[in-house]
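Everything below concerns the one structure shown next.
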Amino acid sequence: MATHVTEPLDQEARVSRWGLEPHVPIDLSPTRIFLFVIKVGLVYGAACWAWEYARRSGLAETIHQPVVAYLRSNSAGLPMAAGDLVDWWVGLGAGAFLTSAVLRSWPARLLWCCWGVWSIAMVSAGTPQDARSVAVGVATLAWAAVSVVALRGRG
């Protein structure tokens, strides 16, 4: 039985077949490093300000409390405690966000989108009827705003 031997792909074939970019050397000049540090500092500062604002204004609790209420009311009979489910849910969201924002991979982006949709559904189910539409709107807008960073780089 004969074996099939393939020729190694040249650079153009690799790019067209798998979408791989040719190796580009990284510019580590002092100016580029300085600009990178400034960008990271600005992003970190903006994230800290946004988190502090969300915490002080009650935005974070408007979203977090209904999710906790939903998980606590629907976790009876599970071997995992409700508090652990909440911690797992928050960790999964943070991991999905960071992986999506940094690696820009489609599985991470899909996970981020699913996490957001399910979070909004839990906010809807865990909020009393009188405030449900406002809580869902706030959760949707907050998730959409954070998704600008998580899903950046797609046209």
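Throughout, numbering of the chain's residues begins at 1 and tracks the sequence.
Among residues at least two apart or in separate chains, salt bridge (charged side-chain N to carboxylate O under 4.0 Å, His left out) pairs with a member in residues 44-70 are Glu52-Arg55, Glu52-Arg56.
Put simply, the side chain of Ser124 never gets that close to the backbone of Ile120: no donor and acceptor are under 3.5 Å apart. Remark: the backbone N or O of Ala150 is paired with a side-chain donor or acceptor of Ser100 at under 3.5 angstrom.
The CG atom of Leu78 lies 11.5 Å from the CG atom of Asp84; values are rounded to the nearest 0.5 Å. In this structure, CG in Leu92 is found 13.0 Å from CH2 in Trp118, a value given to the nearest 0.5 Å. Interatomic distance, NZ of Lys39 versus CG of Leu42, reported as 10.0 Å (0.5 Å rounding). Annotation: the span from Trp112 atom CH2 to Leu151 atom CG amounts to 8.0 Å, rounded to 0.5 Å. Distance check, rounded to the nearest 0.5 Å: CE of Met122 to CD1 of Ile63 gives 11.5 Å.
Using a 4.5 Å heavy-atom threshold, the side chains of His64 and Val90 count as touching. Using a 4.5 Å heavy-atom cutoff, the side chains of Val123 and Val138 are not in contact.
Under a hydrophobic-cluster definition in which Ile, Leu, Val, Met, Phe, Trp and Tyr are linked whenever side-chain heavy atoms come within less than 4.5 Å, directly or via other members, Val117 and Leu110 are assigned to different clusters.
Heavy-atom minimum distance, Met80 versus Leu85: SD-CD2, 3.4 Å.
Taking the six-membered ring wherever Trp is involved, the centroid distance between the rings of Trp115 and Trp143 does not fall below 6.0 Å.
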